[in-house]
Amino acid sequence: MLDIAFIRHNTDAVREAIKNKRADVDLDALLAADKERRELLQELEGKRARKNEIAQAIPKATKEDRPGLIEEGKAAKTAIEELEPKLAEIVSRFEDLMLRVPSLPRPEVPVGVGEDDNVEVKKVGSPRAFDFEPKDHVALMDAFGMVAWDGPRKFAGERSYALVGLGALLERAVLNLAIDTLVDRGLTLVTPPVMVRERALVGTGFFPVGKAEAYAITADDLFLVGTSEVPLVSLHCDTTLDLAKLPVRYAGLSPCFRREAGAHGKDTRGLYRVHQFTKVEQVVFCAPDEKVAEEEHYKLLGNAEAILEKLEIPYRVALACTGEIGLGQTRKHEVESWMPGRNAYSETHSCSTLGDFQARRSNIRVRLADGTLGYPYTLNNTAIASPRILIALLENHQNADGSITLPKALVPYMRGMEKLTPA
RNA sequence: GGAGAGAUGACCGAGUGGCCGAAGGUGCAUGACUGGAAAUCAUGUGUACGGGCAACCGUACCGAGGGUUCGAAUCCCUCUCUCUCCGCCA
C-alpha cells in the first residue's frame with residue numbers, strides 16, 4: 001500500500017507505475033473517492049464536535065436549560081447517524097481501491113510487458129552438452145520409482161503427486177541443505193502456520209487481487225498460504241520493531257498451496273507446476289533505507305545462488321521488467337535453473353524487494369533514530385522450492401546408463417549415497 | 001467440544017454513565033542539584049486521520065465490531081485472543 005498523501009502529490013508517477021505494471025485500478029476513481037472522503041469527514045467531525053459540546057454542557061446546565069440541550073443533542077445525533085453510513089460506504093470504496101494501487105518500481109527496473117523484456121544480468125555455468133539423449137525428469141523419476149502419479153491424481157485431483165523412496169529422500173536432502181546454508185549465514189529458521197486469516201494475505205499484498213490463487217477453508221475462514229512469506233511477514237503485524245535489531249532475517253520452511261488459477265492446461269506434465277510443494281523461503285525486515293534494502297536484496301540473491309552452486313545446477317539471473325513484477329514489488333530478480341527436459345532456463349527462485357508496501361498493509365512499524373515512527377522495508381527470496389528444483393537436479397546430473405551422480409554437497413544429506421543407480 | 005476468568009498507555013495498575021486520552025507507579029527524555037554519578041526535585045512523555053505555512057485546532061481510539069443514551073473505558077450483544085478446569089488428541 002502507498003501513502004494516500006504520496007499518491008495525491010505524485011499522481012503522475014503512480015499513474016506511470018499502474019500503466020507499466022499493468023495493474024487494474026482506476027486512479028481517478030481513487031482520487032475522487034479520497035476527495036469525497038475528506039470532505040465528508042470534515043463535515044462529520046464538525047457535527048461530532050458540536051455533539052461533544054452539547055454533551056459537556058448538559059451536566060453544567062440549569063434544570064430549565066437541560067431539556068432544550070437534550071433536544072439539541074438528539075438532533076446532532078440524528079445528523080451524525082445520517083452521515084456515518086455515507087462515509088462508511090466511501091471509505092470502503094476508497095480502501096478497496098487503495099489495496100489495488102501498486103508500489104513504484106525502482107528506477108533500474110526495465111519497462112516491459114512480458115518475460116521477453118526481462119534483462120539477463122548473470123549466467124553461471126552453462127547448459128550441459130549431452131553425448132546421449134537425455135531423459136526428462138518424469139522418465140528419470142519413474143525409472144527410480146521416485147513418484148506415485150496415478151493414485152494421487154485419483155484421490156487428490158489433478159496435478160497431485162506423491163514423492164516416494166529416493167524421490168522423498170532427495171526432497172528432504174535439498175531442503176536440509178538449503179536450511180543449513182541459511183542458518184550458517186545467520187538466518188533464523190521458522191516453521192510458521194500455513195493456514196491464515198484473510199488479513200495476512202491482504203497484509204502481504206496477495207489479496208484482494210490474487211484471491212483466486214489461494215485455497216479457502218471456508219468452514220473456519222482461513223486460507224492456505226502459497227508461500228511462507230505470508231506468515232513470516234505477518235509474524236510482526238501490529239507491532240513496532242526495534243531499529244537496533246534490524247535487519248531481521250528469517251528462513252521459513254513450509255508447504256505451499258497454489259490453485260494455479262488461470263494456468264489450466266499449462267505445464268501439466270510432471271512436477272513443474274503443482275498445487276502443493278515445499279519451500280524454504282527467506283524473509284527480511286530492514287530499515288527503510290534504499291541502500292540497506294539493496295544490500296539485503298543482493299545478499300538474499302547470493303544465498304540462493306550459493307545453494308544452486310552447491311547443487312551444481314547451471315542458472316541465470318534476470319532482472320524482471322515492470323510487467324512481470326508483482327503489485328507490491330519494487331524490484332525483482334528471477335533465478336532460472338537450466339532444465340534439459342524443457343531445453344530452457346526455468347524459474348526456480350524469485351527475489352523481491354517490496355519497500356514499505358507490506359509493512360504499511362500489515363501495520364508493522366519501526367521507531368526511527370529521530371524518534372518518529374516509520375515502516376520497515378521487507379524483502380524475500382526463495383532458497384529452494386521442491387519438487388521443481390528436483391527437475392533441474394535430476395536432469396542435469398543424469399548419466400548415459402540411467403544413473404544419477406549426486407553433487408558432492410548433497411551426499412551427506414543423502415545418507416552417503418554418491419550415485420543413484422536404477423534397480 | 002463443555003464450564004469459568006480475563007483483555008486499560010512502553011510496562012504495572014486504578015477507574016461501573018458526564019469533571020477520563022484516561023489517577024498512581026515504573027520506565028524513558030529534558031532541566032536543576034553534583035567534580036562526575038547515584039539519590040532527589042521539576043517538567044515532559046501514545047497513535048491515526050482531517051484542517052492549517054506554522055503555532056495549533058478538530059475527530060477517533062481503554063482487545064475488535066455493533067447497540068442503548070443528549071453523553072460510554074464504564075451498561076447490553078457478537079466476535080477475537082489469553083488463562084484455568086473437564087473431555088479428546090499427535
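In what follows, every chain begins at residue 1, and chains take the letters A, B, ... in the order their sequences are listed.
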* Output yes when at least one side-chain N/O atom of K77(A) is less than 4.0 Å from OP1 or OP2 of rU69(B), else no. => yes
* Asked: Under a 3.5 Å cutoff on both atom distances, Watson-Crick or G-U, what's the dot-bracket for RNA chain B ([ ] crossing, | other strand)?
  -> ((((((((.[[[..)..(.....]]]((((((.......))))))((((((....)))))).[[[[[..)....]]]]])))))))....
* To do: Any chance you could lay out the ring-ring contact (aromatic ring centres under 6.0 Å, His included) test for F223(A) and F257(A), step after step, and finish with the verdict?
  => CA-CA 9 Å; F223(A) 296 86; F257(A) 304 91; over 10 Å; no
* Report which part of the nucleic acid L44(A) touches: base, sugar-phosphate, or nothing (heavy-atom distance under 4.0 Å, all strands). => nothing
* To do: Quickly work out the D242(A) CG to rC11(B) C1' distance and round it to whole Å.
  => 16 Å
* Same-atom distance (C1') from rG66(B) to rC11(B), integer angstrom -> 31 Å
* Pick the P atom in rG15(B) and in rG9(B), then give their distance to the nearest Å. => 16 Å
Extract from the structure each pairing of a protein N or O with an N or O of nucleotides 57-61 of chain B at less than 3.5 Å, listing the distance.
residue: rG58(B); atom: N2; partner: E45(A); partner atom: OE1; Å: 2.9
residue: rG58(B); atom: N2; partner: E45(A); partner atom: OE2; Å: 3.3
residue: rU59(B); atom: OP1; partner: N52(A); partner atom: ND2; Å: 3.3
residue: rU59(B); atom: O2'; partner: R48(A); partner atom: NH1; Å: 3.3
residue: rA60(B); atom: OP2; partner: N52(A); partner atom: ND2; Å: 3.3

* Which part of the nucleic acid, if any, lies within reach of R365(A) when heavy atoms closer than 4.0 Å are counted: base, sugar-phosphate only, or nothing? -> sugar-phosphate
* Is D28(A) salt-bridged to R15(A), cutoff N-O under 4.0 Å? -> yes
* **Closest-nucleotide 5' rank along RNA chain B - winner of E72(A) and L373(A)** => L373(A)
* Structure fact -> Rounded to whole Å, the CD1-C1' distance (I54(A) to rA72(B)) equals 17 Å
* Asked: Do we see a donor-acceptor contact under 3.5 Å between the side chains of H349(A) and H333(A)?
  -> no
* Asked: Quick check: are there more than 12 heavy atoms from other residues, nucleotides or ligands sitting under 6.0 Å from CD of E84(A)?
  -> yes
* Asked: Rounded to whole angstrom units, what separation is found between the CD atom of E95(A) and the P atom of rA48(B)?
  -> 16 Å
* Ionic contact status for E296(A) with R249(A), cut-off 4.0 Å -> yes
* For rA29(B), take OP1 and OP2 only and decide whether either is under 4.0 Å from a side-chain N or O of R367(A). => no
* With a 4.0 Å cut-off on heavy atoms, is R66(A) in touch with a base, just the backbone sugar-phosphate, or nothing at all? -> nothing
* State plainly whether the residues R93(A) and E36(A) are in salt-bridge range, i.e. N to O under 4.0 Å. => yes
* Before accepting this row, confirm whether a basic side-chain N of the pair R106(A)/E290(A) lies closer than 4.0 Å to the acidic partner's carboxylate O. => yes
* Structure fact -> Atom CZ of R199(A) and atom C1' of rC79(B) are separated, to the nearest Å, by 15 Å
* Using the C1' atoms only, state how far rC62(B) lies from rA7(B), rounded to an integer number of Å. => 10 Å
* Structure fact -> In whole angstroms, the gap separating P of rU47(B) from CG of L368(A) amounts to 12 Å
* To do: Rounded to whole angstrom, note down the P distance from rG58(B) over to rA22(B).
  => 13 Å
* Which sits closer to the 5' end of RNA chain B, R37(A) or G73(A), going by the nucleotide each is nearest to? -> R37(A)
* C1'-based separation of rG46(B) from rC20(B) [nearest Å] -> 15 Å
* **Span that lies between the P atom of rC33(B) and that of rA38(B), in whole angstrom** => 15 Å
* Asked: Contact class for Q42(A) vs. all strands (heavy atom < 4.0 Å): base, sugar-phosphate, or nothing?
  -> sugar-phosphate
* To the nearest Å, give me how far apart CG (D65(A)) and C1' (rG18(B)) are. => 17 Å
* Are R342(A) and E395(A) ion-paired here, with the side-chain N under 4.0 Å from a carboxylate O? -> no
* Between rU78(B) and rC85(B), how far is it from one C1' atom to the other, in whole Å? -> 25 Å
* Which value, in whole Å, describes the distance between the P atoms of nucleotides rA73(B) and rU68(B)? -> 16 Å
* Any side-chain donor-acceptor pair under 3.5 Å between K279(A) and T227(A)? -> yes
* To do: Calculate the interatomic distance between K35(A) atom NZ and rC49(B) atom P; express it in whole Å.
  => 21 Å
* Any side-chain donor-acceptor pair under 3.5 Å between Y250(A) and Q282(A)? -> no
* Taking NZ, NE, NH1 and NH2 as the nitrogens, is one of them in E108(A) or R331(A) under 4.0 Å from a carboxylate oxygen of the other? -> yes
* d(CZ, F94(A); P, rG50(B)) in whole Å -> 8 Å
* Using a cut-off of less than 4.0 Å, is there contact between a side-chain N or O of R38(A) and OP1 or OP2 of rC49(B)? -> no
* For R8(A), which contact category applies under a 4.0 Å heavy-atom criterion: base, sugar-phosphate, or nothing? -> sugar-phosphate
